[in-house]
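Just so we're clear, the structure is a prediction, and the values are computed from it rather than from any experiment. So you know, we letter chains A, B, ... as the sequences are listed, proteins then strands, and number each from 1.
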Amino acid sequence: MKNHIIADMFEKMAAVLEFKGEMPFKVNAYRKASRVIGDLQVDIEQIWRQGRLEDIPGIGSGLAKKIDEFLRTGRMTKYEEVMADVPPGLIELLEIQNLGPKTLALAHEKLQVNNLEDLKRVLADGSLARLPGMGAKKAENIIKGIELYERAKGRISLGIAVPLVEEIITQLQERTSVKRISPAGSLRRMRETVGDIDILVETEKGAEIIAEFVHLPQVTRVLAAGDTKGSIIVEGEIQVDLRAVRPESYGSALQYFTGSKAHNIHLREIAKKRGLKISEYGIFCGKKQLGGSKEEEIYENLDLVWIPPEIREDRGEIERAAEHNLPNLVSLEDIAGDLHVHSNYSDASISIEEIARKAKELGYSYIAICDHSQSAKYARGVEVERSKHKWQEIKQLNTKISGITILSGTEVDILADGTLDYPDEILAQMDIVVAAIHSGFKQRVTERLIAAMQNPYVNIIAHPTGRLISKREGYEVDLDAVLRVAAQTGTALEINAYYDRLDLSDVNARRAADMGIKLAINTDAHLLEHFRMMRLGVGVARRAWLEPKDVLNTWPLEKIRQFCQQKWQKLK
DNA sequence: GCCGTTTTCGGCCCGACTGTTTTCAGTCG
Ligand SMILES: Nc1nc2c(ncn2[C@H]2C[C@H](O)[C@@H](COP(=O)(O)OP(=O)(O)OP(=O)(O)O)O2)c(=O)[nH]1
Ligand SMILES: [Mg+2]
Ligand SMILES: [Mg+2]
Ligand SMILES: [Zn+2]
């Protein structure tokens, strides 16, 4: 798909046009087009072939012509013109905090700044500070921005951010008189990574709380500390933004601070068209405040139903909320079991009994013990003989422990030739078969996954793209082809909830569900603590607009057995 | 550059904070 190529081109053009002093609204038009194209669920080339480019919101005749030229010829004249006279490496300096397009243009024109080295030079020799409109403090703030820029580690995983935010919230509750308090921003929306941590507090005494906030023990740097806003850097170069508002604005502030930015702008446009105004302080008709204490009031005053944070991305949720037709998103309470966890039969250290008791404690009604298969020497894969032992143990435990059904399963390796690491006779005796690729990430991955899905005993493909958020992109795989075969064969795909995987991702899971594919949200736990990550997987599922009907492990066990049986019937 | 049951022209989300200003521009959320 060329969607992301075109989205990136428009985003770059927006940045360069802004740098060149182009009309802000034109710049915005490029930004919006970039976002919308990046978020499209379908191939833009398909829309183009149907001659429907201008049906895409934010795409008019001008941008449609540019897209058309690009798709026909592989080139975009306007893009080349815009980028032509811009030194490479200049525009990326806009990532530096406190250095925006105006200042960068000034430094470029007046002082021939073309890269980071040049910028450091004009800051060190004071020449930037001497330019009109500049000054010592502005220069100092840019220097601080460069320090952060050079140390920054990029976005952090949701699974790392969640415990951090919980700790800060606890600390604030212990040390101050906050009333309501909530995570906000991308973390509340459960994005797989977050650029920073955003927290909202309800208080009559903002300044006091922010003073306490910037003095927390883990603070390494204070970026700002006012009456309503504070911003700090904590250990690990992670930025935390705190916003404090009075009770009558807590709901509207939570709405604002949760975002996304595009969602906020869309809501505010709707309000404006109706003669209303939304800000973080409330929803207003002239001077009269219509609501703001509770988040629901913002939506209700626009005749929208309250929208769950996870889908607030301006990807159609506002239109659906207007029709009172939002999806009934799957929630943690709907989860009835975990269909992929490891025991001490393979590379985990937890016993099946411990796992079963933990699962019961979580209120699950079933749990599948899916250990690695025989060739997986890296993970103490289970030999056929030991597998039989395992079945025995599970059988005994199922009589011993009531209130939970332990399923015997496997995470069978898909080998280099596309065959599975157990013979069918063994797979046939498992309650559930999860198959996955753990080696040969660049070798005919698509064909191997397809071959695995064509096996009648394979029920779920685990971590279908193999990406690791912090380490690697994932397999070389044609996901469209995989999705088609998953749909045909009745094979479920996993949303692996392990924080560094979250695979399938939100967008891919949504595509899968749109094709009628069932998903299973599994923790792939190797430790009892890993069971906690189910909520991350549920977050991904909610961002994918999944309902309980889409998610295998919200179903009663009998229905799962039927699902497996149906595939077997079809493919045997 | 996009968009439209108040418009095909004249709008485009709204506010905090800082620093450089003598009334506001730039940056950020
Ligand atoms: N109305 C409005 N709200 C904004 C704007 N920029 C940011 N916000 C709101 C919505 C964001 O979710 C929220 C927090 O800002 P952040 O920059 O931290 O963004 P967010 O957390 O969504 O993403 P992140 O993962 O931090 O990059 O503030 C804006 O320009 N207008
Ligand atoms: Mg954020
Ligand atoms: Mg933030
Ligand atoms: Zn596993």
May I have the distance from [X] (atom [atom1]) to [N] (atom [atom2]), rounded to whole angstrom?
{"X": "A:F257", "N": "B:dC28", "atom1": "CZ", "atom2": "C1'", "answer": "11 Å"}
{"X": "A:M76", "N": "B:dG1", "atom1": "CE", "atom2": "P", "answer": "12 Å"}
{"X": "A:I56", "N": "B:dC2", "atom1": "CD1", "atom2": "C1'", "answer": "13 Å"}
{"X": "A:E18", "N": "B:dT27", "atom1": "CD", "atom2": "P", "answer": "8 Å"}
{"X": "A:K102", "N": "B:dT27", "atom1": "NZ", "atom2": "C1'", "answer": "12 Å"}
{"X": "A:D55", "N": "B:dC2", "atom1": "CG", "atom2": "P", "answer": "14 Å"}
{"X": "A:I232", "N": "B:dC28", "atom1": "CD1", "atom2": "P", "answer": "19 Å"}
{"X": "A:E22", "N": "B:dC2", "atom1": "CD", "atom2": "C1'", "answer": "14 Å"}

To the nearest 0.5 angstrom, please state how far the [atom1] atom of [X] sits from the [atom2] atom of [Y].
{"X": "A:L254", "Y": "A:E280", "atom1": "CG", "atom2": "CD", "answer": "12.5 Å"}
{"X": "A:S260", "Y": "A:R188", "atom1": "OG", "atom2": "CZ", "answer": "13.0 Å"}
{"X": "A:L468", "Y": "A:D503", "atom1": "CG", "atom2": "CG", "answer": "8.5 Å"}
{"X": "A:L172", "Y": "A:L216", "atom1": "CG", "atom2": "CG", "answer": "5.5 Å"}
{"X": "A:L304", "Y": "A:I298", "atom1": "CG", "atom2": "CD1", "answer": "11.0 Å"}

### Message
Just to verify, what does A:F10 make a ring-ring contact (aromatic ring centres under 6.0 Å, His included) with, not counting sequence neighbours?
### Response
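By the ring-ring contact (aromatic ring centres under 6.0 Å, His included) rule, A:F10 matches A:Y30.
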
### Message
Treating primed atoms plus P, OP1 and OP2 as sugar-phosphate and everything else as base, which nucleotides of nucleotides 9-20 of chain B get B, S or - for protein heavy atoms under 4.0 Å?
### Response
---BBBSSS-SS

Under 4.0 Å, heavy atoms only, any strand: does [X] hit a base, just the sugar-phosphate, or nothing?
{"X": "A:L94", "result": "nothing"}
{"X": "A:K65", "result": "nothing"}
{"X": "A:P57", "result": "sugar-phosphate"}
{"X": "A:S61", "result": "sugar-phosphate"}
{"X": "A:I59", "result": "sugar-phosphate"}

Please measure how far the [atom1] atom in [N] lies from the corresponding atom in [M], and state the result in whole Å.
{"N": "B:dC2", "M": "B:dT7", "atom1": "C1'", "value": "14 Å"}
{"N": "B:dC3", "M": "B:dC13", "atom1": "P", "value": "13 Å"}
{"N": "B:dG11", "M": "B:dT21", "atom1": "P", "value": "32 Å"}
{"N": "B:dT20", "M": "B:dA25", "atom1": "C1'", "value": "9 Å"}
{"N": "B:dC12", "M": "B:dT23", "atom1": "C1'", "value": "25 Å"}
{"N": "B:dT5", "M": "B:dG1", "atom1": "P", "value": "23 Å"}

### Task
Specify the glycosidic conformation (syn or anti) of B:dT21, with syn defined as within 90° of 0.
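This nucleotide is in anti.
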
### Summary
Given the options A:E313, A:E547, A:E317, A:E310, A:R542 meets salt bridge (Lys or Arg N to Asp or Glu O under 4.0 Å) only with A:E310

### Query
Which of parallel (below 30°), tilted (30 to 60°) and perpendicular (above 60°) describes A:H530 and A:Y498?
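The arrangement is perpendicular - the two ring planes meet at more than 60°.
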
### Query
When the nearest nucleotide of DNA chain B is assigned to A:G100 and to A:A64 on a heavy-atom basis, which residue is associated with the more 5' position?
A:A64

### Task
Under a 3.5 Å limit for both distances, which nucleotide forms a Watson-Crick or G-U wobble pair with B:dG10, could you say?
B:dC3

